[in-house]
Amino acid sequence: MSHSDTQSLDCDLLIVGLGMTGACAALEARARGADVLILERATSGGGTSAMTEGVIYLGGGTRLQRDLGVDDDPDAMYRFMDAICNVSNKAVLRRYCDGSPEHFDWLEAQGVPFTRELYKDKHICPPQGPGLYSSGNEKVWPYREFATPAYRGHLVNGPSGNAGSKMMEVLLKRCEDEGVRVIGDARVLDLTTDAAGRVDGATFRRYGEDHTASARKGVLLATGGFQMNEKMVARDYPFLLENGVPIGEDSSDGSGIEMAQAIGADVESPGAIHATASIYPPGDLVRGIIVNKFGQRFVAEDSYHGRTAAFVFDQPDRKAYLIVDSETFDYPQFSEQFGYALVDGWETVPEMEAGLGVPDGALQRTLDNYNEFAAVGRDPRFGKHPDWLVPLKNGPYAAINLSADVVKYHYHSLGGLRVDEQARVVGANGAPVPGLYAAGSCAASVIQTAKGYGSGMMLGGGSFFGRVAARHCLAAV
Ligand SMILES: Cc1cc2nc3c(=O)[nH]c(=O)nc-3n(C[C@H](O)[C@H](O)[C@H](O)COP(=O)(O)OP(=O)(O)OC[C@H]3O[C@@H](n4cnc5c(N)ncnc54)[C@H](O)[C@@H]3O)c2cc1C
């Protein structure tokens with residue numbers, strides 16, 4: 001990879017940003033013999049992708065799923081994602097599910113490592129070892145009725161909690177080997193258009209000087225999310241600015257979204273943000289119940305942690321408590337990270353109601369109802385899976401505070417530029433903006449609601465549609 005100051009600023013495909021999306025797009029373009037130039041704001045590539053756990057949401061019968069005896073097919077994956085991901089352009093989802101098995105093969109062919117080991121317990125992301133686990137809401141009611149739940153969290157074999165560093169090390173090396181040209185410390189400011197309105201390049205600032213790069217075929221925005229942009233976060237989640245923790249590189253400030261909007265691009269699900277303060281691991285805590293300040297349940301406790309958080313945010317004053325008895329009690333493994341507080345322990349339910357300020361008798365009613373059905377393996381109200389249903393009858397009881405003003409919810413963005421199934425940016429007039437593509441977390445793609453997010457959907461959708469963009473752009477002109 002060259003960082004030379006003297007290299008040409010002309011190319012076939014100009015890519016803005018070198019995270020996983022930019023790297024995969026560049027490799028796809030180089031495989032077609034195209035001249036690719038990447039402008040990267042940081043000194044070198046990696047982006048937020050390099051900070052991740054390295055979970056990639058894929059399915060439809062990938063080689064890894066098949067090797068591990070996991071049944072899946074593109075239709076089942078589509079039915080599940082269509083039911084939960086809030087994607088309006090069905091062709092985007094269809095393409096992703098149909099192309100997922102090939103995309104896994106492609107990632108492995110690049111050298112991204114996955115072990116043939118299945119992890120079956122409930123975890124945010126298991127430590128290094130397994131290559132496949134359940135990273136979403138597949139088993140959660142009613143979604144388990146749309147399609148038989150399948151394991152789809154494809155986990156890169158790399159350092160525990162940060163396998164994304166290994167993934168990006170491999171992909172950046174591949175870019176270097178394939179002669180992808182990269183200019184670091186190059187912050188893109190604006191997109192340029194020709195007389196017909198076609199996007200044909202970008203201006204960027206490097207060491208205090210402004211330059212223009214020209215693209216013969218098109219420009220792909222792969223600039224990452226907007227969680228560091230307070231104005232964008234405040235749109236739907238102002239309270240996160242008080243007590244939440246944005247995660248990712250500082251460059252996740254929505255600059256790509258803004259520069260595209262400046263030339264007429266539309267956005268979709270612009271406020272969508274995934275926040276988490278997972279109660280699990282340990283999985284046993286999922287056997288507790290989660291109630292609001294009125295002592296009422298409001299979500300199936302076996303939901304993916306981001307879905308649970310989204311429902312907490314819907315509650316009055318965003319107050320919520322995890323209630324456990326002496327049999328189910330444990331400390332959330334990530335207590336320190338998320339700032340969990342044990343409210344207290346109480347011998348009886350009325351004492352707990354008083355301690356939590358819940359109306360008299362409310363929690364008792366909730367527990368009586370829950371226990372009656374849990375004893376026969378049912379949860380008629382929220383459909384919590386029988387695997388996690390046990391009556392909570394054995395005092396003392398304890399409550400862990402999940403309220404948004406107490407716990408430090410960690411968050412990153414999901415929404416962004418409106419794109420079609422070719423990763424073309426769609427304008428406010430409903431037509432593609434000529435010459436402009438977007439993928440990864442600057443685009444609203446395969447997941448547009450926190451209530452449906454599952455780990456890996458961002459890296460999966462970004463890397464997949466980065467490649468789609470490269471193919472379409474190079475074939476289109
Ligand atoms: C701690 C953590 C763990 C996560 N774990 C997962 C996971 O396991 N699986 C998953 O799917 N998602 C995960 N996510 C979400 C995921 O990180 C992002 O959605 C994903 O990395 C986006 O990839 P990208 O290539 O679109 O953007 P990025 O990887 O953020 O890359 C964008 C690049 O663009 C550059 N850039 C930005 N603006 C400009 C500009 N104006 N000019 C030039 N360059 C610019 C940036 O410097 C950056 O290098 C996690 C997020 C965090 C914070």
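Nearest heavy atoms, Phe294 versus Pro359: CA-CD, 3.9 Å. Of all non-hydrogen atoms in Tyr370 and Leu389, the two that sit nearest each other are OH-CD2, 3.5 Å. Smallest separation of non-hydrogen atoms from Ser403 and Tyr409: O-CE1, 4.1 Å. What you find for Leu459 and Ser49 is that their closest heavy atoms are CD2-OG, 3.8 Å. Nearest heavy-atom pair across Glu301 and Ile290 is OE2-N, 3.0 Å.
Residues His123 and Tyr280 have side chains that never bring a donor and an acceptor to within less than 3.5 angstrom of each other. Judged by distance alone, the side chains of Ser252 and His412 never bring a donor and an acceptor atom under 3.5 Å apart. Residues Gln128 and Ser160 bring no donor and acceptor atom of their side chains to less than 3.5 Å of each other. Using modelled atom types, one finds no donor on one side chain facing an acceptor on the other under 3.5 Å when comparing Trp106 with Glu102. A donor atom on one side chain and an acceptor atom on the other are found under 3.5 Å apart for Ser88 and Glu268. A donor-acceptor contact under 3.5 angstrom links the side chains of Arg95 and Gln422, judged on distance only.
In this structure, CG in Asn371 is found 9.0 Å from CD in Gln364, a value given to the nearest 0.5 Å. Atom CG of Asp405 is separated from atom CD of Glu242 by 10.0 Å, given to the nearest 0.5 angstrom. Interatomic distance, CD1 of Ile447 versus CE of Met457, reported as 5.0 Å (0.5 Å rounding). Here Leu220 contributes atom CG and Thr21 contributes atom OG1; the two are 8.0 Å apart, rounded to the nearest 0.5 Å.
Between the side chain of Asn243 and the backbone N or O of Ala404, at least one donor-acceptor pair lies under 3.5 Å. Between the side chain of Ser269 and the main chain of Gly415, no donor-acceptor pair closer than 3.5 Å is present. In this structure, Asn137 contributes its side chain and Val140 its backbone to no donor-acceptor pair below 3.5 Å. Between the side chain of Asp317 and the backbone N or O of Lys319, no donor-acceptor pair lies under 3.5 Å. Side chain of Glu53 to main chain of Val55: no donor-acceptor pair is present (N/O by atom type, distance under 3.5 Å, no hydrogens or angles). One N or O on the side chain of Glu40 and one on the backbone of Leu18 form a donor-acceptor pair closer than 3.5 Å.
Annotation: His305 is not in aromatic contact with Tyr453 [ring centroid separation under 6.0 Å not met]. Ring centroids of His274 and Tyr411 are separated by 6.0 Å or more, keeping the two rings apart.
Using a 4.0 Å cut-off between charged nitrogen and carboxylate oxygen, Glu138 and Arg144 do not count as a salt-bridge pair. In this structure, Lys384 does not pair ionically with Asp379, as no charged nitrogen and carboxylate oxygen lie closer than 4.0 Å. Salt-bridge check for Asp253 with Arg41: passed, with a basic side-chain N closer than 4.0 Å to an acidic carboxylate O. Look at Arg365 and Glu372 and you find no salt bridge, because none of the NZ, NE, NH1 or NH2 atoms lies under 4.0 Å from a carboxylate O. Salt bridge present: Asp72 and Arg152 bring a charged side-chain N and a carboxylate O closer than 4.0 Å. Salt bridge status for Asp71 with Arg66: absent, with no side-chain N to carboxylate O gap under 4.0 Å. Salt bridge Lys90/Asp82: present, at least one basic N to carboxylate O contact under 4.0 Å. Salt bridge status for Arg79 with Asp75: absent, with no side-chain N to carboxylate O gap under 4.0 Å.
Note that Lys451 lies in the cation-pi zone of Phe311, set by a 6.0 Å cut-off to the ring centre and a 45° limit from the axis. Judged by the 6.0 Å distance and 45° axis criteria, Arg297 is not positioned over the aromatic ring of Phe382. By the 6.0 Å and 45° rule, Lys408 does not stack over the aromatic ring of Phe338.
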Which is it for Tyr304 and Ser455 under the side chain to side chain donor-acceptor pair (under 3.5 Å) test, yes or no, and what are the steps along the way?
-> CA-CA 9 Å; Tyr304 175 81; Ser455 292; 2.7 Å; yes
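By the 6.0 Å contact criterion, CZ on Arg94 is enclosed, its count of non-hydrogen atoms from other residues, nucleotides or ligands being greater than 12. In this structure, Tyr331 places its OH atom where only 12 or fewer heavy-atom neighbours from other residues, nucleotides or ligands lie under 6.0 Å away. Within a 6.0 Å radius of CD in Glu230, other residues, nucleotides and ligands contribute 12 heavy atoms or fewer.
Exactly one residue among Phe465, Phe464, Tyr96 makes a ring pair (Phe, Tyr, Trp, His ring centres under 6.0 Å) with His103. That residue is Phe464.
Counting only heavy atoms from C-beta outward, the side chains of Val433 and Ile263 approach each other to under 4.5 Å.
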